[in-house]
A.B. asks: 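First the structure, then my questions, so here it is.
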Amino acid sequence: MTIRNRKKFGFNALSFAVSMALAGTLASSAASAADDKDKLEDVEKIAVVGSRATPRSIGDSTVPIDIISGDDIRKSGNSDMLEILKGAVPSLNVHSNPISDAASLVRPANLRGLSADSTLILLNGKRRHRSSVIAFLGGGINDGAHGPDISVIPSIALKQVEVLRDGAAAQYGSDAIAGVMNFVLKDNAEGGSLEVKTGEYYEGDGATTEVSGNIGMPLTEDGFVNLSFQYKNADPTSRSVQRPDAQAFADAGLDVANPAQIWGSPEIKDDITLFANLGLDLDDHSEAYLFGNYSERDVKGGFYYRNPNDRPGVYGGIVRNVDGANSYRPRPLDADNPTDAETAAMNAWDAATPTVLVGSLDGQEQQLNCPLVEIQANGLPDQGALDSLAAANCFAFNNTIPGGFTPNFGGNIVDTSFVAGTKGEFQMDFLEGILYDFSGSYGSNESSYKIVNTVNASMGPDSPRDFNPGKYIQTEWNFNADFVKFVDWGLADDVSIATGLEWHDETFEVVAGDEASFKVGPLFSQGFGIGSNGFPGFQPSAAGEYTRKNKAIYLDTSMPLLDSLVAEFAVRYEDYDSFGSTVNYKLAANWNIIDELAVRGSFNTGFRAPTVGQANVSNVQTNLSGGVLVDSALLPPTNPISAQLGGTELTPEESKSFTFGTVYTQGDFFLTVDYYNIKVDDRISQSEKIELTDADKATLKAAGVPNVDGLSQVSFFTNDFDTTTQGVDIVANYSAELFSGDSTFALAYNWNKTEVDRYTDITGDFKVSRLENDLPNHRATFTWGQSWDQFNLFTRVNYFGEYQGVHVDYDATINTGEAAVTVDMELSYFINDSFSVALGAQNLFDQDATEIDFTPAGAAECGGCTNNQWGGIYYETSPFGFNGGYYYLKGTYTF
């Protein structure tokens with residue numbers, strides 16, 4: 001008997017079966033008539049999720065899972081894997097991230113209301129490596145999240161996706177607090193398809209072109225080679241209006257783009273992905289496997305507009321006081337409730353005449369001899385004074401870039417992986433009946449950053465406009481040895497006993513940027529900022545490799561105590577060379593009360609180890625604080641200034657969670673209801689931005705931190721708060737012959753609520769509000785798939801409950817985002833057995849996100865503007881995005 005026929009033994013890293021009733025859970029759609037019905041039945045027999053025991057039907061599973069077939073994935077009409085899964089799994093939330101530094105390059109996703117790195121990602125049952133991108137600006141819930149890049153996985157390469165909605169750290173280790181997603185690659189030895197898709201948003205932007213293909217070929221008579229590719233280009237989108245300050249400069253005759261600042265999705269160019277999956281039967285009892293990928297893309301998005309009057313360190317924000325000294329405008333620690341002293345200081349500053357930042361090219365001692373350039377009543381600098389600077393050998397950016405500028409930030413992302421192994425059954429007498437799986441894997445993700453249309457202000461007129469700030473590289477090695485033995489203990493069926501060993505090596509590397517991106521230029525001592533403005537380069541002193549190793553051993557059993565009762569137990573010991581060891585366990589059971597009704601439940605402990613990047617990374621970023629654009633330094637938690645402000649060495653998050661649910665099956669109707677409760681202590685996240693005092697700055701200088709005088713705030717990673725997340729998942733499926741064809745229906749609903757149980761000032765009230773309220777408490781999808789002889793119709797209705805609307809990470813902008821319904825639809829026509837065309841739309845009726853409702857200070861001066869001080873129209877926390885409707889046309893050739 002070949003290994004392919006022995007998959008019933010379940011020695012994959014994850015194995016499970018699904019009953020006929022689950023066909024297309026959450027993503028149930030009709031494939032074409034009889035052929036697709038056969039395909040569905042094949043998928044139903046081999047579904048993968050969460051136990052190393054013998055596969056069972058989904059009605060007997062001890063944990064809730066979602067199975068999404070490859071056909072259903074491709075019917076979503078979206079080429080972004082995160083958006084595909086968001087439409088299929090209601091407890092998964094994904095935000096669009098305009099002006100979010102690195103989070104714009106690799107978007108984080110949230111399962112069951114937890115951070116993106118609380119969900120374990122597997123490919124063919126093997127742990128997927130992390131991205132090199134850390135989400136420094138992650139919209140509260142994902143601040144500092146450091147998880148894998150799911151977007152590199154193309155839908156055409158997938159046989160199916162399994163989502164385990166239950167903690168699984170006792171089985172698979174760190175990062176499985178919220179659950180597990182396993183992406184299963186196609187393993188066909190023949191046939192294939194070629195697909196071309198093009199589309200754009202109703203607004204006329206974001207045009208996307210995608211070409212993808214898959215082919216299966218035999219590898220001798222006993223194996224297969226399955227290859228997939230995807231090539232994509234996507235134009236940027238803009239949901240922006242002109243900022244009032246930029247419009248005022250344009251009205252005054254300066255050259256300012258309209259809009260000066262873009263809120264929208266980034267541009268993606270030359271997004272190429274290659275996947276390979278190979279398997280070969282070595283004999284009747286063993287096989288070898290190999291799979292991996294190479295992916296690369298260029299991403300570019302917008303940053304904040306630099307106002308040519310008041311951008312500190314470049315243009316202004318400095319006044320010449322009566323005594324001739326220069327000073328920065330003071331800012332209150334609490335922008336909404338300044339102290340009397342802070343108010344007096346601000347009023348005194350405002351009473352002085354604002355001036356342009358001017359530097360002497362002859363050195364600091366000559367700066368006060370430069371002409372004074374005041375900002376006039378019309379908001380523009382005194383042109384005569386600007387013209388006189390050259391004669392005095394003085395310099396101001398208002399002469400070279402008079403209308404301000406908006407940096408564009410992006411990067412090149414390269415992702416590679418390689419997994420090889422062998423599995424089978426030992427044939428030696430003393431080992432007979434033991435299944436084994438030996439594997440090794442390598443994964444790497446490299447982010448090479450680029451920022452253009454900016455300056456290193458300290459270099460003055462010698463500054464370039466484009467910079468390469470450096471790169472981050474995440475590299476991981478894994479080696480696993482897994483064993484399963486089935487023994488007869490006289491119970492209702494054989495007991496499975498699984499055990500295994502794992503060794504993991506993780507490295508986070510920082511590569512220095514080009515010199516101009518971090519250089520301390522001659523004008524630094526005169527108040528001009530250091531480094532590429534918006535994202536300074538990584539200095540050689542910050543470059544280096546940071547490594548951690550860990551090893552683990554686990555035991556996993558499944559015991560069919562009765563024909564109607566199965567119990568599972570798992571325990572895992574894991575040891576890290578950085579913080580020590582941890583032990584976690586899981587208990588789960590399923591009891592079939594009657595043939596149609598079962599109850600199930602689980603209790604498990606879990607952990608999430610701090611990543612090497614979170615423990616060691618440092619960075620300078622530009623963000624809005626109280627509506628003011630400032631530079632903020634992210635430092636390692638053990639840095640002296642971090643320690644002075646409350647930072648300590650990171651420790652693992654620890655969790656306890658339980659689920660309890662029911663499964664009901666009646667003919668072609670299938671229903672599951674599951675309640676979950678997840679308590680996480682010592683959660684890891686980026687702290688609030690802490691205002692720096694003069695004493696803090698002195699400590700920073702002593703520690704060798706550059707450009708201290710230009711910094712306003714510091715943050716660091718910390719284990720600072722505890723949360724409890726609870727919710728309910730309801731999934732119902734039904735199939736029937738209706739409307740002269742085959743119909744499938746699926747209804748899925750999720751209620752989710754997170755409460756912060758403990759926190760300190762390092763986390764802050766605003767971040768607590770974001771953790772508890774940014775995500776909608778209610779989400780639901782209803783899917784109808786209908787197939788006829790030559791037509792397929794796929795319809796999904798999505799409901800998103802109310803959410804907290806937040807703009808530019810500013811607490812004064814908070815408002816309630818309205819609940820909304822969106823509709824996705826695709827109509828396919830099969831020309832013949834080989835060719836089909838499809839016309840579809842996401843957000844078919846162009847449902848808009850909630851518009852920003854915020855009246856900034858000084859609204860009267862900007863013509864009564866009420867919501868667009870920073871140029872955005874819609875709240876970026878919208879759970880269904882802010883780009884509106886999208887339509888597409890797709891052609892497929894199948895062979």
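Being a predicted model, the structure only gives us computed values, none of them experimental. When reading the values below, keep in mind they use all heavy atoms of this one structure, side chains included, and skip hydrogens, waters and symmetry mates.
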A.B. asks: What is the minimum heavy-atom distance between Ala260 and Ala246, and which atoms define it?
C.D. replies: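 So the minimum-distance heavy-atom pair works out to CB-CB, 3.7 Å.
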A.B. asks: Could you tell me whether the side chains of Ser687 and Thr718 share a donor-acceptor contact shorter than 3.5 Å?
C.D. replies: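 No.
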A.B. asks: Would Tyr886 and Tyr202 count as a close aromatic pair, with their ring centres under 6.0 Å?
C.D. replies: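 Ring centroids of Tyr886 and Tyr202 are no less than 6.0 Å from each other.
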A.B. asks: Less than 4.5 Å apart, side chain to side chain, heavy atoms only: is that true for Asp757 and Phe721?
C.D. replies: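 Not touching, per the 4.5 Å side-chain cut-off.
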A.B. asks: Pair Asp824, Leu844 - check side chain to side chain contact (heavy atoms under 4.5 Å, CB included), show working.
C.D. replies: CA-CA 6 Å; Asp824 305 328; Leu844 176 65; over 6 Å; no
A.B. asks: Hydrogens and angles aside, do Asn798 and Thr822 bring a side-chain donor and acceptor to less than 3.5 Å of each other?
C.D. replies: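 Distance-only check passes for Asn798 and Thr822.
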A.B. asks: Under 3.5 Å, is there a donor-acceptor pair between the side chain of Glu772 and the main chain of Ser769?
C.D. replies: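 Such a contact is absent between Glu772 side chain and Ser769 backbone.
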A.B. asks: Do any N or O atoms from the side chain of Asn533 and from the backbone of Thr454 form a donor-acceptor pair under 3.5 angstrom?
C.D. replies: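 Not confirmed, Asn533 side chain does not pair with Thr454 backbone.
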A.B. asks: Going from CG on Leu771 to OG on Ser685, what distance comes out if it is rounded to the nearest 0.5 angstrom?
C.D. replies: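 Answer for the CG-OG pair, Leu771 versus Ser685, is 6.5 Å.
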A.B. asks: Pick from Asn815, Thr877, Asp774: which one makes a side-chain hydrogen bond (donor to acceptor under 3.5 Å, both in side chains) with Gln804?
C.D. replies: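 Looking at Asn815, Thr877, Asp774, the match for Gln804 under the side-chain hydrogen bond (donor to acceptor under 3.5 Å, both in side chains) is Asp774.
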A.B. asks: Aromatic rings Trp751 and His778: how do their planes relate, parallel, tilted or perpendicular, breaks at 30° and 60°?
C.D. replies: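 The rings of Trp751 and His778 sit tilted, inter-plane angle from 30° to 60°.
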A.B. asks: With rounding to the nearest 0.5 angstrom, report the CG to CD1 distance, Asn408 to Ile262.
C.D. replies: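 Answer rounded to 0.5 Å: 8.5 Å.
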A.B. asks: Taking the side chain as every heavy atom from C-beta outward, state whether Thr198 and Glu210 have any pair of such atoms under 4.5 Å apart.
C.D. replies: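 No, every pair of side-chain atoms sits at 4.5 Å or beyond.
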A.B. asks: Does either side chain, that of Ser655 or that of Ser657, offer a donor lying less than 3.5 Å from an acceptor on the other one?
C.D. replies: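 The criterion, which ignores hydrogens and geometry beyond distance, is not satisfied for Ser657 and Ser655.
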A.B. asks: Would you say that more than 12 heavy atoms from the other residues, nucleotides or ligands in this model lie under 6.0 Å from the NZ of Lys656, or not?
C.D. replies: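 Count not over threshold, so no.
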A.B. asks: Does the side chain of Asn142 pick up a donor-acceptor pair with the side chain of Asn110 at under 3.5 Å?
C.D. replies: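 On atom types as modelled, these side chains qualify, holding a pair under 3.5 Å.
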A.B. asks: Taking atom CD of Glu818 as the centre, does the number of heavy atoms from other residues, nucleotides or ligands within less than 6.0 Å exceed 12?
C.D. replies: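 Counting other residues, nucleotides and ligands, CD of Glu818 stays at 12 neighbours or fewer.
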A.B. asks: Is a side-chain donor or acceptor of Glu691 paired with a backbone partner of Gln713 at a separation under 3.5 angstrom?
C.D. replies: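 Not a single qualifying donor-acceptor pair exists.
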A.B. asks: Going by side-chain contact (heavy atoms from CB on, under 4.5 Å), Leu85 matches just one of Asp66, Leu92, Ile73. Which one?
C.D. replies: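 Among Asp66, Leu92, Ile73, the one that satisfies the side-chain contact (heavy atoms from CB on, under 4.5 Å) with Leu85 is Leu92.
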A.B. asks: Of all the heavy-atom pairs spanning Glu876 and Phe882, show the shortest one and how long it is.
C.D. replies: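 Closest approach of Glu876 to Phe882, heavy atoms only: CA-CD2, 4.3 Å.
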A.B. asks: If we ignore hydrogens and angles and just use 3.5 Å, is the side chain of Asn307 paired with the main-chain N or O of Arg311 as donor and acceptor?
C.D. replies: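 Absent.
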A.B. asks: Flag the pair Ile451 / Phe303 as yes when at least one side-chain heavy-atom distance between them is below 4.5 Å, and no otherwise.
C.D. replies: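 In short, these two side chains touch, coming nearer than 4.5 Å.
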A.B. asks: How many angstroms lie between atom CG of Asn93 and atom CZ of Arg779, to the nearest 0.5 angstrom?
C.D. replies: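 Taking CG in Asn93 and CZ in Arg779, the distance rounds to 5.5 Å.
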A.B. asks: Given the rule in the salt bridge (Lys or Arg N to Asp or Glu O under 4.0 Å) test, do Asp681 and Lys679 qualify, once you have shown the distances and angles that lead to the verdict?
C.D. replies: CA-CA 7 Å; Asp681 292 337; Lys679 182 173 177 57; 3.7 Å; yes
A.B. asks: What are the two closest non-hydrogen atoms of Pro266 and Val299, and how far apart are they?
C.D. replies: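 Residues Pro266 and Val299, closest heavy atoms: CB-CG1, 3.7 Å.
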A.B. asks: Are Arg112 and Tyr676 in a cation-pi contact, defined as NZ or CZ under 6.0 Å from the six-membered ring centre and within 45° of the axis?
C.D. replies: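 Yes, Arg112 and Tyr676 form such a contact.
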A.B. asks: Find out whether Pro154 and Lys232 are in side-chain contact, i.e. whether some heavy atom of one side chain is under 4.5 Å from a heavy atom of the other.
C.D. replies: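 Result no, sub-4.5 Å side-chain heavy-atom pair not found.
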A.B. asks: How close do Asp846 and Gly885 get, counting heavy atoms only, and between which atoms?
C.D. replies: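 Scanning both residues, the minimum pair turns out to be OD1-N, 2.8 Å.
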A.B. asks: Please report the interatomic distance OG1(Thr795) to CH2(Trp784), rounded to the nearest 0.5 Å.
C.D. replies: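 The distance works out to 6.0 Å.
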A.B. asks: Please verify the inter-ring angle class for Trp263 with Tyr304; under 30° counts as parallel, over 60° as perpendicular, anything in between as tilted.
C.D. replies: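 Rings of Trp263 and Tyr304: perpendicular, as their planes differ by over 60°.
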A.B. asks: Walk me through it: do Arg758 and Asp722 pass the test salt bridge (Lys or Arg N to Asp or Glu O under 4.0 Å)?
C.D. replies: CA-CA 5 Å; Arg758 176 194 65 86; Asp722 305 337; 2.9 Å; yes
A.B. asks: Which residues pass the ring pair (Phe, Tyr, Trp, His ring centres under 6.0 Å) test with Phe183, sequence neighbours left out?
C.D. replies: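 Not a single residue meets the ring pair (Phe, Tyr, Trp, His ring centres under 6.0 Å) criterion with Phe183.
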A.B. asks: State, to 0.1 Å, how close Met81 and Ser151 come at their nearest heavy-atom pair, and which atoms those are.
C.D. replies: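 Looking at all heavy atoms of both residues, the closest pair is CB-CA, 4.3 Å.
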A.B. asks: Taking side chain as C-beta onward, heavy atoms only, is Arg130 less than 4.5 Å from Ile121?
C.D. replies: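 The answer is no; the side chains never approach within 4.5 Å.
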A.B. asks: If we only count heavy atoms from C-beta on, is the Leu164 to Asn182 side-chain gap below 4.5 Å?
C.D. replies: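 No, side chains not in contact.
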A.B. asks: Side chains of His807 and Thr813: any donor to acceptor distance under 3.5 Å?
C.D. replies: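 Distance-only check fails for Thr813 and His807.
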A.B. asks: Ser715 pairs by side-chain hydrogen bond (donor to acceptor under 3.5 Å, both in side chains) with which of Glu688, Lys689, Gln686?
C.D. replies: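 Testing each of Glu688, Lys689, Gln686 against Ser715, the sole residue satisfying side-chain hydrogen bond (donor to acceptor under 3.5 Å, both in side chains) is Gln686.
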A.B. asks: Got a sec, which residues hit side chain to side chain contact (heavy atoms under 4.5 Å, CB included) with Phe658, two or more places apart in sequence or on another chain?
C.D. replies: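 Side chain to side chain contact (heavy atoms under 4.5 Å, CB included) list for Phe658, sorted by chain: Phe603, Tyr675, Asn677.
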A.B. asks: Any luck finding a side-chain donor-acceptor pair between Tyr875 and Asp853 under 3.5 Å?
C.D. replies: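 Short answer, no.
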A.B. asks: Can a salt bridge be assigned to the pair Glu203 and Arg239 using a cut-off of 4.0 Å between side-chain N and carboxylate O?
C.D. replies: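 No salt bridge links Glu203 with Arg239.
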A.B. asks: Between Arg683 and Asp720, is there a side-chain N and carboxylate O pair less than 4.0 Å apart?
C.D. replies: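 Between Asp720 and Arg683 there is no salt bridge, as every charged N stays at least 4.0 Å from the carboxylate O atoms.
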A.B. asks: Is it true that a side-chain atom of Gln261 and a backbone atom of Gln242 form a donor plus acceptor pair closer than 3.5 Å?
C.D. replies: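 Absent.
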A.B. asks: Compare all side-chain heavy atoms of Arg165 with those of Asp729 and state whether any distance is below 4.5 angstrom.
C.D. replies: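 SC-SC contact between Arg165 and Asp729 confirmed.
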A.B. asks: Using only atom types and a distance under 3.5 Å, with no angle test, would you say the side chain of Asp205 pairs donor to acceptor with the backbone of Ser238?
C.D. replies: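 Side chain of Asp205 to backbone of Ser238, a donor-acceptor pair under 3.5 Å: yes, one is there.
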A.B. asks: Counting distance only, does the side-chain N/O of Gln726 pair as donor-acceptor with the main-chain N or O of Ile678 below 3.5 Å?
C.D. replies: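 Here the side-chain-to-backbone pair does not exist.
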A.B. asks: Phe800: which residues meet the ring pair (Phe, Tyr, Trp, His ring centres under 6.0 Å) condition with it, sequence neighbours left out?
C.D. replies: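 Only Phe880 meet the ring pair (Phe, Tyr, Trp, His ring centres under 6.0 Å) criterion with Phe800.
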A.B. asks: May I ask you to check whether Thr723 and Thr754 show a side-chain donor-acceptor distance below 3.5 Å?
C.D. replies: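 Note: Thr723 and Thr754 side chains miss the donor-acceptor criterion.
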A.B. asks: Are side-chain heavy atoms of Ile268 and Asp298 found at a separation under 4.5 Å?
C.D. replies: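 Result no, sub-4.5 Å side-chain heavy-atom pair not found.
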A.B. asks: Quickly, which of Asp166, Val180, Asp674 forms a side-chain contact (heavy atoms from CB on, under 4.5 Å) with Val63? Name it, please.
C.D. replies: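 Testing each of Asp166, Val180, Asp674 against Val63, the sole residue satisfying side-chain contact (heavy atoms from CB on, under 4.5 Å) is Asp166.
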A.B. asks: Does the pair Asn733 and Thr744 meet the rule for a side-chain hydrogen bond (donor to acceptor under 3.5 Å, both in side chains), with working shown?
C.D. replies: CA-CA 7 Å; Asn733 296 272; Thr744 58; over 6 Å; no
A.B. asks: With a 4.0 Å cut-off on N to O distance, would you call Asp175 and Arg128 a salt bridge?
C.D. replies: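 Answer for the salt bridge query: no.
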A.B. asks: Just by distance, do the side chain of Asn453 and the backbone of Thr406 share a donor-acceptor pair under 3.5 Å?
C.D. replies: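 A pair under 3.5 Å: yes.
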A.B. asks: State, to 0.1 Å, how close Glu162 and Ile67 come at their nearest heavy-atom pair, and which atoms those are.
C.D. replies: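 Closest pair (atom of Glu162, atom of Ile67, distance): CG-CD1, 3.5 Å.
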A.B. asks: Any luck finding a side-chain donor-acceptor pair between Tyr887 and Gln842 under 3.5 Å?
C.D. replies: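 Short answer, no.
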A.B. asks: Using only atom types and a distance under 3.5 Å, with no angle test, would you say the side chain of Asp235 pairs donor to acceptor with the backbone of Gly206?
C.D. replies: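 Between the backbone of Gly206 and the side chain of Asp235 there is no qualifying donor-acceptor contact (under 3.5 Å).
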A.B. asks: Tell me if a side-chain donor or acceptor on Ser240 pairs with a main-chain N or O of Gly872 at a distance below 3.5 Å.
C.D. replies: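 No, Ser240 side chain to Gly872 backbone: no donor-acceptor pair under 3.5 Å.
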